[in-house]
Protein chains: 2
Amino acid sequence: MRKPAPQRKREIVGAVLDLAAKGGPDRLTMQAVADAVDLTQPAIFRHFPAKKDLWGEVARSIAEDMTQCWQGVLCGAGGPEEKLAALVSAQLSLLESRPAILAIVFSHELQFENAHLRRIFHGLMMQFHGHLQGLLADGRSCARAGVDPVDAAFLIVALVQGLALRWSLTGRTFSLAGEGRRLLELQLAGLNAPAGRSTCEGTAR
Amino acid sequence: MRKPAPQRKREIVGAVLDLAAKGGPDRLTMQAVADAVDLTQPAIFRHFPAKKDLWGEVARSIAEDMTQCWQGVLCGAGGPEEKLAALVSAQLSLLESRPAILAIVFSHELQFENAHLRRIFHGLMMQFHGHLQGLLADGRSCARAGVDPVDAAFLIVALVQGLALRWSLTGRTFSLAGEGRRLLELQLAGLNAPAGRSTCEGTAR
DNA sequence: TCACATAATTAGTTAGCACTAACTAATTTG
DNA sequence: CAAATTAGTTAGTGCTAACTAATTATGTGA
């Protein structure tokens, strides 16, 4: 019944991740959180003085999971080519298994209200971009000469994020990781291919 | 002071687009809308019986602008290659000039609350995808043989959406259309390039 | 076993929200 | 110009949210 504070805090953060995935992070109430962990509403305020502190802890927990997920891939075996594909795959799998992350990225809380939250997630995105860029630069077979690794990495980041947005808009009806693998392969084939003409430039208004 | 209803309705929708861009669509209150058009709050309810009806009208207005923007490009001069680049450019410019659109796409209202809104925006995305796919299929120089136009179009949609998300996360600090032009060129060069090896497949976990 | 720290509760407060009822003033129309 | 229509107002309802004060129960170390 009565539990030590650190354990309770973890329980609460877990409940928030659950609830945010189901009903969205913006209308998430402290009452709903309290119900989920079988406490009264003011008890939550004992552990988190204000709601934004709760969001801060949630973001910290997500950041930890994400960087750990990436480290697992980067420290593993395989060349840059394999690691690149594995990194994207791992990221998509993580997003798929924790829908709360996307819900928070798209949330009002992050987009407008909570600058701290926004900074954390933007930082994570840039870390992800940095890993991709490094792998693209290392493995020369990942991208042909003349391709800027920074831009190429942004294309892959956009692939992940754009795909994730479509997954959200369709109500999470397809397999994020599955669709991602196919599109990534197409994308990498393009980046790796010997310099193709870019016929569509120039006349763009 | 007193105005005919259709004009007032348009004013109100305009105010919503303004306010949604600034403070986000979710915490947008009927009071704020009323203040913006110099009316009392209940006056808004004379024109829109409930808040969701207001959102419906806003979505309708955005859909109209968007399809008109696309038609302008598609009915204009130029081959498929030029049109493809122009379409993406036009879309990014539209998103840049009306930040409310992205705010709504990322909103709780759309993501969780309002299924009608979600359907409208998903429909728009698929229309955009359809146009891209058509242009890719028509202009053979836009994508090399063996590239599925459906998937290639999804890559470009993801480019637009992922870039837009990054633009939002960074607080709209860079030029959406400018960055988009550069990335699109890289993307199209890849799709157009003579079949490159896809070295990064296979070992993805 | 008894004091002490702390987890949790009960019972509020304050504020903001969508929405309504009843009424008033302006515009249009016969 | 009178009657009907319609755009707008004032005042208020009911609800739900975050957060607080005072108090009670629970586990822990001397």
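Quick caveat, the model's predicted, so the values are computed rather than measured. Just so it is clear: chains get the letters A, B, ... in the order the sequence lines come, proteins before strands, and each one is counted from 1.
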**Request:** Could you name each residue pair satisfying salt bridge (Lys or Arg N to Asp or Glu O under 4.0 Å) that touches residues 35-47 of chain B, not counting sequence neighbours?
**Result:** none
**Request:** Indicate, with a heavy-atom threshold strictly under 4.0 Å, whether A:P4 touches base, sugar-phosphate, or nothing.
**Result:** nothing
**Request:** Looking at every strand, decide which applies to A:L28 at a 4.0 Å heavy-atom threshold: base, sugar-phosphate, or nothing.
**Result:** sugar-phosphate
**Asked** Does a side-chain N-to-carboxylate-O contact under 4.0 Å join B:R181 and B:E185?
**Response** no
Collect all protein-nucleotide pairs involving nucleotides 28-30 of chain C in which both atoms are nitrogen or oxygen and the distance is under 3.5 Å.
none

**Item:** Earlier contact from the 5' end, DNA chain C, for B:R2 and B:K52
**Value:** B:K52
**Message:** Less than 6.0 angstrom from the centroid, inside 45 degrees of the normal: does A:R27 satisfy that with respect to the ring of B:F112?
**Reply:** no
**Request:** Using atom CG of A:D35 as one end and atom P of C:dT9 as the other, report the distance to the nearest whole Å.
**Result:** 11 Å
**Request:** To the nearest Å, give me how far apart CD (B:Q31) and P (C:dA15) are.
**Result:** 16 Å
**Asked** Is it true that B:E113 and B:K52 have a side-chain N and a carboxylate O under 4.0 angstrom from each other?
**Response** no
**Message:** Under 4.0 Å, counting only non-hydrogen atoms across every strand here, what does A:I44 touch: a base, just sugar-phosphate, or nothing?
**Reply:** nothing
**Message:** Using modelled atom types and a 3.5 Å cut-off, is there a donor and acceptor pairing between side-chain atoms of B:D26 and backbone atoms of B:H108?
**Reply:** yes
**Message:** With a 3.5 Å cut-off and heavy atoms only, can you find an N or O donor on one side and an acceptor on the other between the side chain of A:R46 and the base of C:dA8?
**Reply:** yes
**Message:** Would you call the rings of B:W70 and B:H131 parallel, tilted or perpendicular, taking 30° and 60° as the class edges?
**Reply:** perpendicular
**Asked** What is the distance from CG of B:L54 to C1' of C:dA18, rounded to the nearest Å?
**Response** 12 Å
**Prompt:** Considering only heavy atoms from C-beta outward, does the side chain of A:Q71 approach that of A:Q68 to under 4.5 Å?
**Reply:** no
**Item:** base_contact_polar (C:dC19 base, B:Q41 side chain, donor-acceptor, <3.5 Å)
**Value:** yes
**Asked** Which value, rounded to the nearest 0.5 Å, describes the distance between A:I156 atom CD1 and B:L159 atom CG?
**Response** 12.0 Å
**Request:** Could you tell me the separation between the CH2 atom of B:W55 and the C1' atom of C:dC19, rounded to a whole number of Å?
**Result:** 17 Å
**Prompt:** Any Lys/Arg nitrogen of A:K3 or A:E11 sitting under 4.0 Å from an Asp/Glu carboxylate oxygen of the other?
**Reply:** yes
**Prompt:** Toward the 5' end of DNA chain C, which comes first, B:T29 or A:A43, by nearest nucleotide?
**Reply:** A:A43
**Asked** Quick one: how far along DNA chain D does chain B reach, first to last nucleotide 5' to 3', anything under 4.0 Å to a heavy atom?
**Response** D:dT6 to D:dA11
**Prompt:** Whole-Å distance between C:dC19 C1' and B:D53 CG?
**Reply:** 13 Å
**Prompt:** Picking from C:dA7, C:dA18, C:dA8, which would you name as closest to the side chain of A:A5?
**Reply:** C:dA7
